[in-house]
Every structure is written in structure tokens, then in C-alpha cells.
Amino acid sequence: MKIPAPPCLLRPWRHSDLASLVRCANNRNVWINLRNRMPFPYTEADGKAWIECASSENPLCNFAIEFEQHAIGSMGLCLQNDIETGTAEIGYWLAEPFWGKGLATSCVKAFAQWAFAQFPLRKLYAGVMANNHPSRRVLEKAGFKLEGIHRQHVIKAGTVQDQAFYGLLKTDSSAA
């Protein structure tokens, strides 16, 4: 399965991505804006475990972001259940050398369209550190709307931070 996101491609993780994954993910500037389940430092063992986990998913919900035939980041979807059935959280990261080039925006737009077509979803949402203005801008450019700021909602690297929550409704996704 491949999702075109020009100039990138979203595709399943491969064992051959290991060196690129470790090189890109082992960066404090990437890690500081992600959930703690993304380890730092990021080791080869972490990369092997991630690739194994992502490649065995059914349904497939986590993809490598490929640019010029190299994995440079990740895009994923967490399908919700119980009272949140019909919604999914998206998450993504991109290697630092590729920030500010519009690649993440292209990937989020393509991924959102794919997710709405693939699953019976009415809404996608994302929570980002409120001070992560570049990631917030990615979501806004992809059509997501700010739904609120959760004050003192997360702790990262020992610092309590606000978290910005964004949502995209399926009915609004055609405008993205």
C-alpha cells in the first residue's frame, strides 16, 4: 500500500529503512515534540522494534515518509473506540533537515484523505505541544481547525506544557 503525497510517498516500513530511521529519529529536536513512547536516544534496537511493530499491524496504520527513496519520518493513525468510535488521532514526525519545506503538510493532507476513504471515520484529530508553532501550522495548512488549548496538559522532558488540539471533520476534508 502506498499513499502519494508529492514530493513524498507514504508507504509501509521496511527492514531496509533501519539505518535511515535511526539516523533521523535519534535527534533531540525531533523527540522534544513527540510523545514519550518515542525513545531518546533512539537506538538500532528501538528502530528494529518499531519496524517489526509497524509492519505487523492489521490494519496498517503507520507509514514511513519517503523522500528521494529514503525514509525521513513517520505518519500514523490511532483508531479510537468506545465513545470515540469514528475518530482517529494522527501523529507524525519528520527528520530535522526536512523541516520547513512543505513536506509534512503534503503528507498530512494526503494521509487525511486516505484515512477518511479507508476507515468509517467522521473526524481526525491531533494534539501538539502548544509551543510547536511549525507543527501547528502544518495542521492548519492541511485544513485542521484549532479546537482548544489544554492548559498544563502534558509533561515533556520534565516541563509542564500546554497542548493544542486540532480537528478535521470528514465533511470539511474536501476543502483541505
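Annotation: salt bridge (Lys or Arg N to Asp or Glu O under 4.0 Å) contacts involving residues 1-22, sequence neighbours excluded, comprise Arg11-Asp17, Arg11-Glu66, Arg14-Glu66. Applying the side chain to side chain donor-acceptor pair (under 3.5 Å) test to every pair with at least one member in residues 152-165, sequence neighbours left out, gives these pairs: Asn36-Lys156. Listed by first then second residue, pairs satisfying ring pair (Phe, Tyr, Trp, His ring centres under 6.0 Å) with a partner in residues 26-49 read Trp31-Phe40, not counting sequence neighbours. Within the structure, salt bridge (Lys or Arg N to Asp or Glu O under 4.0 Å) pairs that include any residue of residues 21-41 comprise Arg35-Glu89 (at least two apart or interchain).
Smallest separation of non-hydrogen atoms from Pro4 and Ala110: O-CB, 3.3 Å. The heavy-atom pair separating Arg136 from Ala130 by the smallest distance is NH1-O, 2.9 Å. Scanning both residues, Trp114 and Leu60, for their nearest heavy atoms gives CH2-O, 3.6 Å. Minimum interatomic distance between Gly47 and Leu18 (heavy atoms only, all atoms of both residues): C-CD1, 3.6 Å. Contact between Ala157 and Ile32 at its shortest, heavy atoms only, is CB-CD1, 3.7 Å.
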TODO: Take Phe63 and Cys107 through the side chain to side chain contact (heavy atoms under 4.5 Å, CB included) test and state the conclusion after the steps.
DONE: CA-CA 10 Å; Phe63 296 84; Cys107 290; over 6 Å; no

TODO: Give the C-alpha distance, both sets of side-chain angles, the deciding distance and a yes or no for side chain to side chain contact (heavy atoms under 4.5 Å, CB included) between Ile72 and Leu103.
DONE: CA-CA 10 Å; Ile72 61 163; Leu103 302 180; 4.0 Å; yes

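Under the 4.5 Å side-chain criterion, counting only non-hydrogen atoms from C-beta, Met38 is not in contact with Trp50. The side-chain heavy atoms of Thr87 and Arg122, taken from C-beta on, include a pair separated by under 4.5 Å. Using a 4.5 Å heavy-atom cutoff, the side chains of Tyr92 and Ser135 are in contact.
Hydrophobic clustering keeps Ile149 apart from Tyr125 (ILVMFWY residues linked when any side-chain heavy atoms are closer than 4.5 Å, directly or through intermediates). In terms of hydrophobic clustering, with Ile, Leu, Val, Met, Phe, Trp and Tyr side chains grouped at heavy-atom distances under 4.5 Å, Ile83 and Leu121 are assigned to different clusters.
Clustering of Ile, Leu, Val, Met, Phe, Trp and Tyr by side-chain heavy atoms under 4.5 Å joins Phe165 with none of the others. In the hydrophobic clustering, Val160 connects to Ile155, either directly or through intervening members, whenever side-chain heavy atoms lie under 4.5 Å apart.
Within the 3.5 Å criterion, the main-chain N or O of Cys78 finds a donor-acceptor partner in the side chain of Gln80. Under a 3.5 Å cut-off, the side chain of Ser106 and the backbone N or O of Pro6 do form a donor-acceptor pair.
Distance OG/Ser56 to CG/Asn62: 10.0 Å, rounded to 0.5 Å. Separation of atoms CZ (Phe119) and CG (Leu77) is listed at 6.0 Å; rounding is to 0.5 Å. Note that OG1 of Thr105 is 4.0 Å distant from NZ of Lys141, once rounded to the nearest 0.5 Å. Rounding to the nearest 0.5 angstrom, the gap separating the CH2 atom in Trp13 from the SG atom in Cys53 is 12.0 Å. Atom CD1 of Ile90 sits about 8.0 Å away from atom CG of Leu168, to the nearest 0.5 Å. Atoms CG and CG, from Leu79 and Leu124 in turn, are 9.5 Å apart once rounded to the nearest 0.5 Å.
In terms of the side chain to side chain contact (heavy atoms under 4.5 Å, CB included) criterion, residue partners of Asn33 (sequence neighbours excluded) are, by chain and number, Met129, Asn132. Listed by chain and number, the residues in a ring-ring contact (aromatic ring centres under 6.0 Å, His included) with Phe67 are Phe98 (sequence neighbours excluded). Residues that satisfy the side chain to side chain contact (heavy atoms under 4.5 Å, CB included) test with Pro41, not counting sequence neighbours, are Asn26. Residues forming a ring-ring contact (aromatic ring centres under 6.0 Å, His included) with His70 (at least two apart in sequence, or on another chain): none. Residues passing the side chain to side chain contact (heavy atoms under 4.5 Å, CB included) test with Thr43 are Ala45, Asp46, sequence neighbours excluded. Shown here are the side chain to side chain contact (heavy atoms under 4.5 Å, CB included) partners of Asn29, two or more places apart in sequence or in another chain: Asn27, Glu96, Trp99.
At a threshold of 4.0 Å, the pair Lys48-Glu44 counts as salt-bridged, since one of the basic side-chain nitrogens sits closer than that to a carboxylate oxygen.
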